[in-house]
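Chain letters run A, B, ... following the sequence lines, proteins first and then strands; every chain starts at 1. Side-chain atoms are counted along with the backbone in the values below, which use heavy atoms only and exclude waters and symmetry mates.
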2 protein chains.
Amino acid sequence: MKNYYPILERCPLFNGIRMEDLSVMLGCIGGRVLSVSKGQSISREGDPATHVGMVLSGAVRMVREDYYGNRSIVAHIGPAELFGETYACAGIAALPISFVADADSQVLLMDCRRITTSCCNACAFHSRIIFNLLQLVATKNLVFDQKIQITSKRTTREKLMAYLLNEAKLQGGRSFTIPYDRQELADYLEVDRSGLSAEISKLRREGILESEKKQFTLL
Amino acid sequence: MKNYYPILERCPLFNGIRMEDLSVMLGCIGGRVLSVSKGQSISREGDPATHVGMVLSGAVRMVREDYYGNRSIVAHIGPAELFGETYACAGIAALPISFVADADSQVLLMDCRRITTSCCNACAFHSRIIFNLLQLVATKNLVFDQKIQITSKRTTREKLMAYLLNEAKLQGGRSFTIPYDRQELADYLEVDRSGLSAEISKLRREGILESEKKQFTLL
DNA sequence: GAATGTATGTTGAATTTTCAACACCGGGAG
DNA sequence: CTCCCGGTGTTGAAAATTCAACATACATTC
């Protein structure tokens, strides 16, 4: 177990937890390590959603199957990242997706109910874990909300401006750097890359902004 | 305080809490009632995001202001509904929006930190509240995720089909009823109403579905 | 320095969406 | 019954997006 500490330390779920408290705490919340080989599933659609998982080594993919049986990969979860926390915390009866090992992996499975219910000895770190979990789920919420806010605009120009104005606000100035290249920004805004490039050029010609690669200035 | 119990009882945050435990518990989590008159703000953009609010009477609106100072109403929060929980739980320094009374109102403000940190006497209902809060935030997450999943499709037809297939899956059958009229569905899918109507007709002509108002059957 | 690859910008045609306007239907009010 | 109204379907023109293809710039590699 000890050899996973460097990974556990990197996971925000354990922020503020001293490593020396980890083993006690893992017992407290029912943590157990599972080894899975590539292609094997950790949980399948329809399984009860009771566990929060964390990738210790390898990788896990989140797979969704639609009405007609078309499979698609929803997310790729790497070391120190959590999976299944939304479903477990939402208290839904059955998982709407599956988690499949993307490589030979080891994952830490924790019982969500035992995280949210204080243990009898009311350990200090326990309430910290709850706080961290809540913070993680709420932060994801903010990220989603922001994306919806932006992509619900109807035109490329509106989406782009909503994104840039928000970025300006966040970074506190008219000049700022975005973390995406053109293709990634197009993917985020759910628009066509070439159309996006064209729109940026147009805004530049109209004197609304200046830009150079990932650097933007609103005028 | 007692006269608010019927409202409190309706809020999912207090699911599984006995009413007779409420007053102890509210003390435990630092609950206090605030009366605000119409137009007065409860929290302003930039304020620390430390409180979870609940509307006891009246209504509250969530207001966002963009870079250029354009104000827009993001959400309307009615009795027994929560507000600010996402921001407080995400642990962000400052609110990105404001909460303004939409009518003369009374709201219950609770200290988020005192919810997430177990009180010294480790009361049973306290852990239930945490569980409920986590569940609320996570559920909102699922709702957002589903909406993104659907609206990230590029065409009206794809969005519509993604929505209907998901609805079919959720309701467990090819026949189901949707909770939206045409305009509302268009708003949810972020498309034009008339275009949506046209697309539904087309799918019907192509023999892909049957529909009658809010009743749909996939073939 | 030439070859290669990647990121970005540009363009025009095909497709799709939006917008405005109107027709139709059924229910409720008077 | 008739009138009115909200919800829905239809249509055609205008606007915007997507798509494919190519141009350009720059960095890397050999």
Side-chain angles (χ1 to χ4, degrees), chain A residues 70 72 76 147-168 175-219, chain B residues 70 72 76 147-168 175-219:
Chain A
N70 305 312
S72 68
H76 178 95
K147 171 151 178 153
I148 288 176
Q149 195 86 20
I150 290 170
T151 58
S152 66
K153 308 279 180 190
R154 296 299 172 80
T155 65
T156 299
R157 167 182 282 240
E158 280 181 314
K159 289 180 191 181
L160 174 59
M161 285 306 289
Y163 174 76
L164 294 178
L165 288 170
N166 189 252
E167 223 36 47
S175 275
F176 52 92
T177 305
I178 66 172
Y180 302 126
D181 64 25
R182 291 292 180 273
Q183 183 59 62
E184 289 166 340
L185 181 56
D187 289 343
Y188 177 78
L189 298 179
E190 320 281 10
V191 299
D192 180 70
R193 182 199 60 80
S194 70
L196 174 63
S197 268
E199 204 60 52
I200 290 174
S201 302
K202 199 154 118 191
L203 286 166
R204 212 162 19 207
R205 277 197 303 277
E206 291 174 17
I208 294 173
L209 57 76
E210 284 171 357
S211 76
E212 161 79 32
K213 311 230 172 189
K214 299 182 176 182
Q215 174 71 32
F216 287 79
T217 304
L218 296 175
L219 304 174
Chain B
N70 305 312
S72 69
H76 177 95
K147 171 151 177 153
I148 288 176
Q149 194 87 21
I150 290 170
T151 58
S152 66
K153 307 279 179 190
R154 296 298 173 81
T155 66
T156 300
R157 168 182 281 241
E158 281 181 313
K159 290 180 190 181
L160 174 60
M161 285 305 290
Y163 174 75
L164 294 177
L165 289 170
N166 190 250
E167 223 37 46
S175 273
F176 52 90
T177 304
I178 66 172
Y180 302 127
D181 65 24
R182 291 291 181 273
Q183 184 60 62
E184 290 166 340
L185 181 56
D187 289 343
Y188 178 77
L189 298 179
E190 321 282 9
V191 299
D192 180 70
R193 183 200 58 81
S194 69
L196 174 61
S197 268
E199 204 60 50
I200 291 174
S201 302
K202 199 153 119 190
L203 287 165
R204 212 160 22 205
R205 277 198 303 277
E206 293 174 15
I208 293 173
L209 57 75
E210 284 171 358
S211 76
E212 161 79 32
K213 311 230 172 189
K214 300 182 176 182
Q215 174 71 33
F216 287 78
T217 304
L218 297 173
L219 302 175

With sequence neighbours left out, the residues meeting side-chain hydrogen bond (donor to acceptor under 3.5 Å, both in side chains) with A:S72 are none
Those residues at least two apart in sequence (or on a different chain) that pass side-chain hydrogen bond (donor to acceptor under 3.5 Å, both in side chains) with B:E167 are B:Q171
For A:S152, the side-chain hydrogen bond (donor to acceptor under 3.5 Å, both in side chains) test, sequence neighbours excluded, returns none
Between CG of A:L189 and P of D:dT17 the distance, given in whole Å, is 11 Å
Quick one: which protein N/O atoms are closer than 3.5 Å to N/O atoms of nucleotides 20-24 of chain D? Pair and distance per line, please.
| from | atom 1 | to | atom 2 | distance (Å) |
| --- | --- | --- | --- | --- |
| D:dA20 | N6 | A:S194 | OG | 3.3 |

Note: contacts of residues 151-164 of chain B with DNA chain C (heavy atom, under 4.0 Å) are B:T155, B:T156
Q. Are the side chains of B:R204 and B:S211 in touch, meaning some heavy atoms are under 4.5 Å apart?
A. yes
Residues pairing under salt bridge (charged side-chain N to carboxylate O under 4.0 Å, His left out) where one sits in residues 148-160 of chain B, two or more places apart or in two chains, turn out to be B:R157-B:E199, B:R157-B:E206
From CD of B:E199 across to P of D:dT11 the rounded distance in Å is 14 Å
Value for CD1 (B:I200) from CG (B:L209), rounded to nearest 0.5 Å, stands at 7.5 Å
Sorted by chain and residue number, the salt bridge (Lys or Arg N to Asp or Glu O under 4.0 Å) partners of A:E212 (sequence neighbours excluded) come out as none
Contact check, residues 200-219 of chain B vs DNA chain C, heavy-atom distance under 4.0 Å, returns none
**Asked** Do B:Q149 and B:N166 have side-chain heavy atoms sitting under 4.5 Å apart?
**Response** no
For residues 195-219 of chain A, the ring-ring contact (aromatic ring centres under 6.0 Å, His included) pairs (sequence neighbours left out) are none
Please tabulate, one pair per line, all N/O donor-acceptor pairs under 3.5 Å involving side-chain atoms of residues 182-191 of chain B, not counting sequence neighbours.
| from | atom 1 | to | atom 2 | distance (Å) |
| --- | --- | --- | --- | --- |
| B:R182 | NH1 | B:K213 | O | 3.2 |
| B:R182 | NH2 | B:K213 | O | 3.1 |
| B:Q183 | NE2 | B:D187 | OD1 | 3.1 |
| B:E184 | OE1 | B:D181 | N | 3.0 |
| B:E190 | OE2 | B:K147 | NZ | 3.1 |

When the rotation axes relating C1' atoms of four end pairs to the next four are compared across the helix from C:dG1-D:dC30 to C:dG30-D:dC1, five pairs an end, they differ to 10° by 30°
Residues passing the side-chain hydrogen bond (donor to acceptor under 3.5 Å, both in side chains) test with B:D192, sequence neighbours excluded, are B:S194
Q.
If you define the side chain from C-beta out and look only at heavy atoms, does anything of B:I178 sit under 4.5 Å from B:Y163?
A. yes
When rounded to whole Å, the CZ to C1' distance for the pair B:R182 and C:dC24 reads 15 Å
note: A:D181, atom CG; C:dG5, atom P; distance rounded to Å ~ 19 Å
Rounded to whole Å, CD of A:E190 lies from C1' of D:dA16 at a distance of 17 Å
From CG of A:D187 across to C1' of D:dT18 the rounded distance in Å is 14 Å
Rounded to the nearest 0.5 angstrom, the CG-CG distance for B:L203 and B:L160 is 6.0 Å
